[in-house]
Asker: 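First, the structure itself, so that you have it in front of you.
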Amino acid sequence: MNTILKEKITDKCAWIGQDIADKTDWIHHLSAHTLNVLDQGLKVLELTQLKAPNFSKEDVVIHDEQFLNEMAAIAEELENGYGFLLIRGLDPHKYNETQLSSLYYLIGVYLGLPVTQNARGDLLGHVQNVGDINNKNTRVYETNLYLPYHTDMSDVVGLLSIRKAKQGGLSSVVSFSTVYNEILEKYPEYLSYFYHPSYYAHLGEALPSLSPIFSYWDGKLAGRYLRAYIELGHEIMNVPVSRVQKEALDIFDHVSQDPRLRLDMMLEPGDVQFCNNYTVMHSRTSFEDFEQLGARRKLLRLWLKMDNARALAPDFPGRNGIPAAGA
């Protein structure tokens, strides 16, 4: 079996942002039927006094074939299509924040299995500008700063927009396969480096662990990237990032940030974005927020373990959640 893919990727996952920016096939409008099924599910939750994230599929059993087929089609697109979708249909004027959260989570549990996002065991993350940028322990998503391209520790990551910022805060995605194609074409001498393992300071692990940036297995390419965690991992392990490693990471960032390749979008209230973490990196531009906390930009994040996720190589271990403290 070849460990390094040496041919250009031509599948749908190798999209170029400027080529699909004016298309609508990456925007999925929930059908009227599915919205009705979700409404019925919300009624069940409210009658049983359950709300996100404190329920599972077993609490809202849905046998409706059309609804299940629509969820399966979304999961299929995430694994074998573009690798991301913008989902519309949840009306922020019809539902309050608690109801939106529960509807979003209900979609999530019928796509995959929610996994924990921090040592507290949270299954629903709040992405909001509430952190102190002068505190080195503050995670970037808790600020209004630019969030570099990265992947999260799950098969799929979801974001539900509750409120927009006063100005800015675009969501941005870029295809791992397209970045791969660019490196293969323009910087082939660096390609093998991205298959060599680096130390990642994965959250929830006592010590950094090894993982490559690219992995080719069972006919599919998978990626994992967060430069700050690679640099921190090497620092913790006292293994300095070499000059050639730094050059390779600089090239990776340069290609990823190419305006021609990336796709920017504004998540309007009620919009949901899902991304496959093995095929798509996501980012966010900096933004100006409102002074009042209750008016600030807010999104709800889901990490999902997917039944249809691609097989991963032994030296590219899957990451689905951050272990809760004491687990």
Side-chain angles (χ1 to χ4, degrees), residues 24-79 81-117 122-128 154-164 169 171 265-276 294-308:
T24 58
D25 57 345
W26 48 270
I27 303 174
H28 178 85
H29 294 271
L30 294 171
S31 68
H33 181 85
T34 282
L35 288 170
N36 182 59
V37 171
L38 289 171
D39 270 338
Q40 297 304 311
L42 182 61
K43 289 178 181 178
V44 171
L45 290 171
E46 291 179 337
L47 283 172
T48 53
Q49 297 185 326
L50 292 173
K51 61 183 180 181
N54 300 312
F55 66 84
S56 65
K57 286 174 68 172
E58 288 69 30
D59 296 306
V60 188
V61 178
I62 299 175
H63 295 297
D64 185 273
E65 185 175 358
Q66 187 172 332
F67 169 82
L68 296 176
N69 287 342
E70 189 164 344
M71 295 300 105
I74 291 171
E76 172 67 15
E77 180 65 23
L78 293 175
E79 176 57 29
Y82 282 134
F84 77 96
L85 273 177
L86 177 64
I87 297 177
R88 289 185 164 151
L90 300 182
D91 187 350
H93 302 293
K94 178 179 178 181
Y95 306 108
N96 60 37
E97 183 175 331
T98 298
Q99 291 171 324
L100 278 174
S101 172
S102 290
L103 289 167
Y104 167 54
Y105 199 79
L106 185 55
I107 292 171
V109 299
Y110 273 91
L111 285 178
L113 176 69
V115 295
T116 53
Q117 300 180 28
D122 291 341
L123 292 170
L124 197 61
H126 293 247
V127 181
Q128 196 169 12
S154 60
D155 295 333
V156 162
V157 56
L159 290 171
L160 163 69
S161 174
I162 299 295
R163 290 186 298 272
K164 295 195 300 182
S171 178
M265 66 188 78
M266 178 59 73
L267 298 183
E268 301 292 338
D271 283 354
V272 176
Q273 179 195 81
F274 284 112
C275 296
N276 183 330
R296 290 184 186 179
R297 181 182 187 270
K298 184 175 183 179
L299 299 97
L300 299 180
R301 184 180 60 205
L302 263 178
W303 285 358
L304 298 175
K305 185 178 188 300
M306 304 292 287
D307 286 339
N308 70 333

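Atom set for the values below is all heavy atoms of this structure, side chains included, hydrogens, waters and symmetry mates excluded. For reference, positions follow the sequence shown, starting with 1.
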Asker: Counting distance only, does the side-chain N/O of E77 pair as donor-acceptor with the main-chain N or O of Y82 below 3.5 Å?
Answerer: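 It does hold such a pair.
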Asker: Taking all non-hydrogen atoms of both residues into account, name the closest pair between F274 and G158 and its distance.
Answerer: CD2-CA, 3.5 Å
Asker: Would you check if P114 and L304 make a side-chain contact, meaning some heavy-atom pair closer than 4.5 Å?
Answerer: yes
Asker: For a quick test of reading the model, state the closest non-hydrogen atom pair linking E58 to V61 and the distance between them.
Answerer: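 Where E58 meets V61 most closely, the heavy atoms are O-CG2, 3.6 Å.
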Asker: Tell me, yes or no, whether the heavy-atom count around D64 atom CG, taken from other residues, nucleotides or ligands under 6.0 Å, exceeds 12.
Answerer: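 It does: D64 CG has more than 12 such atoms within range.
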Asker: Exactly one of V60, L103, L106 should register a side-chain contact (heavy atoms from CB on, under 4.5 Å) with L42. Which one does?
Answerer: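 By the side-chain contact (heavy atoms from CB on, under 4.5 Å) criterion, L42 pairs with just one of V60, L103, L106: L103.
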Asker: Taking all non-hydrogen atoms of both residues, which atom of Y104 and which atom of L300 are closest, and how far apart?
Answerer: OH-O, 2.9 Å
Asker: Could you tell me if the side chain of F84 sits less than 4.5 Å from the side chain of M265, heavy atoms only?
Answerer: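 Answer yes - side chains close enough.
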Asker: Closest heavy-atom contact between L111 and M306?
Answerer: O-CE, 3.4 Å
Asker: Report the C-alpha distance between N276 and E79 in whole Å, list the side-chain angles of each, state the deciding distance to 0.1 Å, and finish with yes or no for side chain to side chain donor-acceptor pair (under 3.5 Å).
Answerer: CA-CA 7 Å; N276 183 330; E79 176 57 29; 3.1 Å; yes
Asker: Can you tell if the side chain of L299 reaches within under 4.5 Å of the side chain of L160, non-hydrogen atoms only?
Answerer: no
Asker: Enumerate the residue pairs fulfilling salt bridge (charged side-chain N to carboxylate O under 4.0 Å, His left out) with a member in residues 84-101, sequence neighbours excluded, ordered by first and then second residue.
Answerer: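 Pairs touching residues 84-101 that pass the test: D39-K94, R88-D271, E97-R163, E97-K298.
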Asker: Is there a donor-acceptor pair under 3.5 Å between the side chain of Y95 and the backbone N or O of S102?
Answerer: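 Here the side-chain-to-backbone pair does not exist.
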Asker: Taking atom CG of N36 and atom CG of L30, what is their separation to the nearest 0.5 Å?
Answerer: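 With rounding to 0.5 Å, CG (N36) is 12.5 Å from CG (L30).
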Asker: Taking all non-hydrogen atoms of both residues, which atom of Q117 and which atom of L302 are closest, and how far apart?
Answerer: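 Shortest heavy-atom separation between Q117 and L302 comes out as NE2-CA, 3.6 Å.
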Asker: Is there side-chain contact between V109 and D59, with heavy atoms separated by less than 4.5 Å?
Answerer: no
Asker: Tell me the closest heavy-atom pair linking V115 and L123, and the distance in Å.
Answerer: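 Looking at all heavy atoms of both residues, the shortest contact is C-CD2, 3.5 Å.
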Asker: Indicate yes or no: at least one non-hydrogen side-chain atom of I107 is less than 4.5 angstrom from one of V272.
Answerer: no
Asker: With a 4.5 Å heavy-atom cut-off, do F67 and L38 have their side chains touching?
Answerer: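 Yes, close enough: below the 4.5 Å cut-off.
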Asker: Check for a donor-acceptor pair, side chain of Y110 on one end and backbone N or O of M71 on the other, with a separation under 3.5 Å.
Answerer: no
Asker: Can you name the residues that form a side chain to side chain donor-acceptor pair (under 3.5 Å) with S154, not counting sequence neighbours?
Answerer: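 S154: side chain to side chain donor-acceptor pair (under 3.5 Å) contacts with N277.
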Asker: Say whether, by atom type as modelled, one donor and one acceptor occur between the side chain of Q273 and the main chain of L267 under 3.5 angstrom.
Answerer: no
Asker: How long is the straight-line distance from CD of E70 back to CG of L35, given to the nearest 0.5 Å?
Answerer: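 Here the rounded value is 8.0 Å.
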Asker: For the side chain of Q99 and the backbone of N96, is there at least one donor-acceptor N/O pair under 3.5 Å apart?
Answerer: yes
Asker: Find out whether L78 and I74 are in side-chain contact, i.e. whether some heavy atom of one side chain is under 4.5 Å from a heavy atom of the other.
Answerer: yes
Asker: For the pair T24 (side chain) and I27 (backbone), establish whether a donor and an acceptor sit closer than 3.5 Å, ignoring hydrogens and angles.
Answerer: no
Asker: Can you find a heavy atom in the side chain of V37 that is under 4.5 Å from one in the side chain of I62?
Answerer: yes
Asker: Measuring from N54:CG to L124:CG, what's the distance to the nearest 0.5 Å?
Answerer: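 The distance works out to 9.5 Å.
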Asker: Hey, does the side chain of N308 reach the backbone of A75 with a donor-acceptor pair shorter than 3.5 angstrom?
Answerer: yes
Asker: To the closest 0.5 Å, what do you measure between CD (Q66) and OG (S31)?
Answerer: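 Answer for the CD-OG pair, Q66 versus S31, is 5.0 Å.
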